[in-house]
Amino acid sequence: QVHLVESGGGSVQAGGSLRLSCVDSGRTFGSNVMGWFRQAPGKEREFVAGISWGGSNTHYADSVKGRFSIARDNAKNTVYLQMNSLKPEDTAVYYCAATARGYGTSLVSEYKYWGQGTQVTVSS
């Protein structure tokens, strides 16, 4: 069973930083590929970043490359999203998600388990 809970969202000015965390209370965290997605009002949910089981492989959406960094700590059942140089267009609800499928997918439909989301608001 996978149960994901995000934290760390909030309001920040443009250029600022936030670090999101996502804890899985289940027993299979280390077996799952993890991802971060976001959804802005009136828009579809979109992929932000993904990380492989062991954490050695990561991939990012072009819009966040060089600004965001995903990492995981399997001993703590936690995945992180470090967000730097935030822009107003990063404003969204951010979700972590887990999939037992292979690493590398960025499709919403490939991720089976989802957290409840955490709001990130970036003001100009």
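Side chains are part of it too, since the values below use all heavy atoms of this structure and drop only hydrogens, waters and symmetry mates.
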Asker: Between D90 and K87, is there a side-chain N and carboxylate O pair less than 4.0 Å apart?
Answerer: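 Salt bridge: no.
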Asker: Side chains of V93 and R38: closer than 4.5 Å at any heavy-atom pair?
Answerer: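 The answer is no, as the side chains (C-beta and beyond) never meet within the 4.5 Å cut-off.
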Asker: Verify the ring-centre separation between F68 and W36: is it less than 6.0 angstrom?
Answerer: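 Judged by ring-centre distance (under 6.0 Å), W36 and F68 do not meet the cut-off.
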Asker: Without swapping roles, check the side chain of N77 against the backbone of D24 for a donor-acceptor pair under 3.5 Å.
Answerer: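 Yes; judged by distance alone, with no hydrogens or angles, the pair exists.
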Asker: Please check if the distance between the ring centroids of Y113 and H3 is under 6.0 Å.
Answerer: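 Judged by ring-centre distance (under 6.0 Å), Y113 and H3 do not meet the cut-off.
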Asker: With distance as the sole test, does T99 use its side chain to make a donor-acceptor pair with the main-chain N or O of V33 at under 3.5 Å?
Answerer: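 No: the side chain of T99 does not pair with the backbone of V33.
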Asker: Measure the spacing between SG of C96 and CD1 of I51 and express it to the nearest 0.5 Å.
Answerer: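 Reported to 0.5 Å precision, the distance equals 12.5 Å.
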Asker: To the nearest 0.5 Å, tell me how far R27 CZ sits from Q1 CD.
Answerer: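 Separation between the atoms: 11.5 Å.
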Asker: Are Y111 and F37 near enough that their ring centres are under 6.0 Å apart?
Answerer: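 Ring centres of F37 and Y111 closer than 6.0 Å.
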Asker: Compute both the distance and the angle, then confirm whether R72 meets the cation-pi test with F29: under 6.0 Å from the six-membered ring centre, within 45 degrees of the axis.
Answerer: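 Here R72 passes the 6.0 Å and 45° test against F29.
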Asker: Are the side chain of S52 and the backbone of N57 linked by a donor-acceptor contact shorter than 3.5 Å?
Answerer: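 Present.
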Asker: Without swapping roles, check the side chain of N32 against the backbone of A98 for a donor-acceptor pair under 3.5 Å.
Answerer: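 Side chain of N32 to backbone of A98, a donor-acceptor pair under 3.5 Å: no, none is there.
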Asker: Can you tell me if Y60 uses its side chain to pair, donor with acceptor, with the backbone of G66 under 3.5 Å?
Answerer: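 Absent.
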Asker: Could you tell me whether Q116 atom CD has more than 12 heavy atoms of other residues or ligands within 6.0 Å of it?
Answerer: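 Counting neighbours around CD of Q116, more than 12 heavy atoms of other residues, nucleotides or ligands fall under 6.0 Å, so yes.
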Asker: Using the ring of Y95 (Phe, Tyr or Trp, six-membered ring only), decide whether R45 places NZ or CZ under 6.0 Å from its centre and within 45 degrees of its axis.
Answerer: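 Output yes; distance and angle both within limits.
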Asker: Using atom types as modelled and distance alone, determine if a side-chain donor or acceptor of W53 lies under 3.5 Å from a backbone N or O of G30.
Answerer: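 Pair absent, no side-chain N/O of W53 close to backbone of G30.
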